[in-house]
Every structure is written in structure tokens, then in C-alpha cells.
Amino acid sequence: MCTLVTLRRLQFPQLALRRRLGQLTCMSRSALKLRSWPLTILYYLLPFAALRPLARVGWRPTSRVAIYKSVPTRLLSRAWGRLNQVELPTWLRKPVYSLYIWTFGVNMKEAAVEDLHQYRNLSEFFRRKLKPQARPVCDSHCVISPADGKILHFGRVKNCEVEQVKGVTYSLESFLGPQTWTENLPISKTSFQDQLVTKEGNELYHCVIYLAPGDYHCFHSPTDWKVFHRRHFPGSLMSVNPGVARWIKELFCYNERVVLTGGWQHGFFSLTAVGATNVGSIRIYFDRDLQTNSPRYSKGSHNDMSYVTNNNQDGIVMRKGEQLGEFNLGSTIVLIFEAPKDFTFNLKAGQKIHFGEAVGSL
């Protein structure tokens with residue numbers, strides 16, 4: 001009995017990922033057992049396969065975290081990206097895409113193109129567009145969900161830290177990088193969090209949205225705002241599945257991400273697209289210079305781009321609901337923004353949300 005319990009503990013990453021995958025795709029346990037195994041093995045199990053023999057000879061979970069961090073996820077994701085670009089024979093498209101649809105519960109009735117034969121490769125299928133009326137944009141709330149996904153956490157930012165999932169935090173400054181997009185900061189504002197708050201009496205808020213592999217992979221503007229600056233952090237591409245997010249502290253700070261910062265009617269506003277395993281490609285539609293998961297960039301650095309010029313002081317003007325960018329497969333969106341103290345979230349932790357639905361209002 002003791003041996004059985006020990007083996008179950010050693011298999012924690014695989015079992016936890018499979019359970020979380022099932023929860024995110026809203027499947028029953030019986031359907032989960034049948035549906036989740038094919039792509040779970042392909043998508044998640046590869047990095048952990050090498051850890052199992054080591055666990056049996058006494059490796060602790062912290063050791064497995066270190067080993068997982070050493071897996072060349074950037075290289076694997078580039079290889080996966082190239083595979084996604086391979087054009088499939090017409091006869092093979094429907095069986096391949098049908099397996100994916102069946103596994104993750106994709107609703108193709110919402111897709112602008114329902115005919116599976118029209119998607120030449122996996123990349124086109126992952127980045128499929130929706131029908132115009134599939135996601136109505138809420139007009140009565142000032143902040144909407146930028147994407148389909150699951151709400152992992154939301155609330156006020158406290159002590160310069162943000163929760164990636166309940167009980168697991170990361171540094172706000174490590175996540176966004178040094179505050180260089182605003183000049184002439186008041187000397188009295190010593191903490192990084194205070195530097196972001198531009199109006200007296202306001203608070204800093206955050207919201208984390210996880211996009212599962214079966215979700216719509218494009219993301220949109222969550223409000224009316226102006227984008228002044230882009231910061232690209234080359235980094236790892238570890239899974240951002242909630243099970244892994246509970247396992248690895250500051251996961252979002254390790255992973256490759258694109259931080260867009262600017263302002264809205266209440267002050268500072270930012271949207272960060274976080275990459276993940278097999279999701280090295282993050283595309284921002286108005287930024288053709290952005291290249292993610294590129295070998296020329298090294299981990300630990302960041303690359304800045306200002307959208308404010310002498311001829312354009314407004315940066316990039318975005319309207320609520322306007323298309324902003326896309327992932328390949330699935331990942332995470334993090335909103336960090338300033339708002340008055342009476343801002344309230346219309347959310348519950350763990351709920352499923354669609355692009356265009358209300359996040360919060362004043």
C-alpha cells in the first residue's frame with residue numbers, strides 16, 4: 001500500500017496535468033479518461049517522461065522542477081511550430097482536425113470556416129477566426145475579456161506581487177521589467193507598484209486568463225486605450241497549465257512574453273501575452289517587427305519598442321473589442337491596470353469566460 005501511494009506521488013505532474021486539462025475543457029471524468037490521453041501525451045507528457053525514472057530513485061519535487069526548467073522548450077516549440085506549417089494532404093485534414101476537436105471539445109459551429117478541408121495546416125486551424133456575431137462585445141462594462149479562457153485569478157495588486165494562481169505569486173517588477181516608459185517620475189514614489197499608479201486615490205488591479213488548447217486563440221483589446229510601449233522578454237516556454245502554475249513559482253516571469261503598456265481613461269493599463277510550450281509564436285497585428293521564440297534573442301534580456309514618435313504622440317489607439325493579436329495553440333493573458341477604488345470585478349475564480357464578456361466596471 002505504501003509503495004502504491006509513493007508511486008502515485010511520483011507521478012504527480014502527469015496526473016495533475018491530465019486532471020487540469022479535463023477541467024479546462026469542461027469534460028466529465030468518464031469523458032476525460034477517453035478523450036484526454038492522445039494529445040495530453042503529445043503536448044504535456046514529453047518533458048516529464050524523462051523525470052519518471054529519476055523520481056523512482058529518490059528525486060524530490062524541487063529537483064524535478066529544476067530538471068523541467070532545463071528542458072529545451074524553446075527548441076522543441078520551434079520544431080513544433082515548423083511541423084504546424086506543413087501542409088496536410090486534403091484526405092488527412094479531417095481525421096487530424098477531428099481528433100483535436102474531439103479531444104478538446106472545440107465548437108466548430110462558431111468558426112467562420114466550418115469546413116475542415118479548408119485549413120491547410122495545423123497552424124491555420126489553431127488560429128481559426130470566429131463568425132462575426134459569435135462573440136458580442138459588452139457595452140455596459142469598461143473592461144471586457146480579451147480572449148476565451150478560464151479565470152485563474154483577479155483582484156488588487158498587493159505588496160508589488162501578483163498571483164498567477166491562488167497562493168502562488170510572482171514579482172510585478174520582474175514580470176513587467178523596469179519602469180522606463182514614463183519619464184520624470186516623482187521622487188516620493190519609491191515602490192514599483194506606486195510608480196505605475198498615475199492618479200491619486202487609484203489602485204492597481206490584475207486579471208489572469210488561461211487559454212486552453214481548445215479555446216479560440218486570438219485576443220482582442222479589453223478596453224479603449226492607447227498602447228505606448230512594447231517590451232518583449234525572450235524566455236523559457238514551459239507549460240502554463242494551472243497544474244504547472246501551482247508547481248513552479250514565478251512561472252510567468254520565466255516564460256517568453258510580450259508586454260504592451262499604455263494608458264486608458266483611468267491611468268496605467270497593460271496587457272501581457274505569455275507564451276507556453278509549443279506556443280512560441282505570439283503575434284501582435286500592428287507590430288510587424290516583433291519576432292518571438294527567435295534564436296537570435298537570449299533568455300534574461302528584453303527588447304523595447306516605443307510606439308510614440310514625434311509625429312504620433314498617441315501611440316497605437318485601440319478600441320474595445322478590436323483585434324489585437326494571436327497565439328498558436330493556447331497560453332495566458334495577464335491584465336494589469338490602474339482604476340479608481342470603486343472598480344469591481346464581475347468574475348469568479350475558475351469560471352469560463354468568452355471574449356467580449358464583462359470583466360469589471362465602475
Side-chain angles (χ1 to χ4, degrees), residues 65 68-78 80-81 146-147 152 157 160-165 168-182 192-193 195-196 204 206-211 217 219 227-241 244-245 248-262 268-307 315-316 324-337:
V65 169
Y68 183 41
K69 289 180 181 178
S70 69
V71 172
T73 51
R74 286 164 59 88
L75 181 61
L76 292 173
S77 296
R78 282 197 292 271
W80 175 254
L152 295 189
V157 176
C160 296
E161 290 196 338
V162 183
E163 288 193 280
Q164 58 191 32
V165 291
V168 182
T169 63
Y170 56 92
S171 163
L172 181 63
E173 185 170 7
S174 297
F175 181 68
L176 296 179
Q179 215 282 38
T180 57
W181 53 81
T182 302
F192 185 80
Q193 181 174 336
Q195 292 175 15
L196 298 180
L204 205 62
H206 78 284
C207 180
V208 183
I209 304 170
Y210 169 73
L211 288 71
H217 301 331
F219 50 94
V227 186
F228 300 144
H229 184 271
R230 180 259 289 167
R231 176 167 288 158
H232 169 218
F233 289 86
S236 299
L237 287 169
M238 293 180 282
S239 171
V240 293
N241 182 284
V244 178
I248 301 178
K249 183 178 174 61
E250 296 202 333
L251 171 64
F252 295 163
C253 296
Y254 288 116
N255 271 16
E256 182 151 11
R257 59 198 181 279
V258 176
V259 181
L260 300 178
T261 56
F268 173 80
F269 199 97
S270 73
L271 179 149
T272 301
V274 183
T277 306
N278 300 335
V279 196
S281 175
I282 303 172
R283 183 182 173 193
I284 304 298
Y285 293 140
F286 58 73
D287 191 339
R288 295 184 179 180
D289 294 328
L290 176 65
Q291 293 185 359
T292 57
N293 195 19
S294 172
R296 66 175 180 171
Y297 296 127
S298 59
K299 294 181 185 179
S301 62
H302 64 261
N303 310 289
D304 289 356
M305 165 71 77
S306 176
Y307 300 124
I316 306 296
L324 183 54
E326 63 187 31
F327 292 110
N328 276 327
L329 206 57
S331 198
T332 300
I333 295 286
V334 180
L335 303 179
I336 299 174
F337 56 94

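- Taken to the nearest 0.5 Å, the NE2 atom of His206 stands 8.0 Å off from the CD1 atom of Ile336.
- A search for side-chain hydrogen bond (donor to acceptor under 3.5 Å, both in side chains) contacts involving Ser306 returns nothing, not counting sequence neighbours.
- Ring orientation note: the planes of Phe286 and Tyr307 are nearly perpendicular, at an angle over 60° on the 30°/60° scale.
- Residues forming a salt bridge (Lys or Arg N to Asp or Glu O under 4.0 Å) with Glu326 (at least two apart in sequence, or on another chain): Arg127, Lys129, Arg283.
- Atom-to-atom distance recorded for Asn255:CG and Phe233:CZ is 12.5 Å, nearest 0.5 angstrom.
- Contacts of Arg257 classified as side-chain hydrogen bond (donor to acceptor under 3.5 Å, both in side chains), with partners at least two apart in sequence or in another chain: none.
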(request) With side chain to side chain contact (heavy atoms under 4.5 Å, CB included) as the test, would you mind laying out the steps for Met305 and Asp289 before giving the verdict? (result) CA-CA 9 Å; Met305 165 71 77; Asp289 294 328; 3.6 Å; yes
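- Looking only at side-chain heavy atoms (C-beta outward), Ser270 and Val334 stay at 4.5 Å or farther from each other.
- Note that the CG atom of Leu176 and the CG atom of Leu196 stand 6.5 Å from one another [nearest 0.5 Å].
- In this structure a side-chain-to-backbone donor-acceptor pair under 3.5 Å is missing from Arg231 to Thr261.
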(request) Apply side chain to side chain contact (heavy atoms under 4.5 Å, CB included) to the pair Phe327 and Thr292, showing each step before the final yes or no. (result) CA-CA 11 Å; Phe327 292 110; Thr292 57; over 6 Å; no
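- Scanning both residues, Leu335 and Pro146, for their nearest heavy atoms gives CD1-CD, 4.2 Å.
- Atom CG of Leu260 is separated from atom CD1 of Ile316 by 10.0 Å, given to the nearest 0.5 angstrom.
- Taking CZ of Phe228 as the reference point, atom CZ of Phe269 lies at 12.5 Å (rounded to 0.5 Å).
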(request) Start with the C-alpha gap between Leu204 and Leu172, add the side-chain angles, then the distance that decides, and say whether side chain to side chain contact (heavy atoms under 4.5 Å, CB included) holds. (result) CA-CA 11 Å; Leu204 205 62; Leu172 181 63; 3.7 Å; yes
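- Between the CG atom of Asp287 and the NE2 atom of His232 there is a distance of 10.5 Å, given to the nearest 0.5 Å.
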(request) Apply side chain to side chain contact (heavy atoms under 4.5 Å, CB included) to the pair Glu161 and Gln193, showing each step before the final yes or no. (result) CA-CA 9 Å; Glu161 290 196 338; Gln193 181 174 336; over 6 Å; no
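- Listed here is the closest heavy atom pair of Ala147 and Phe219: CB-CB, 4.1 Å.
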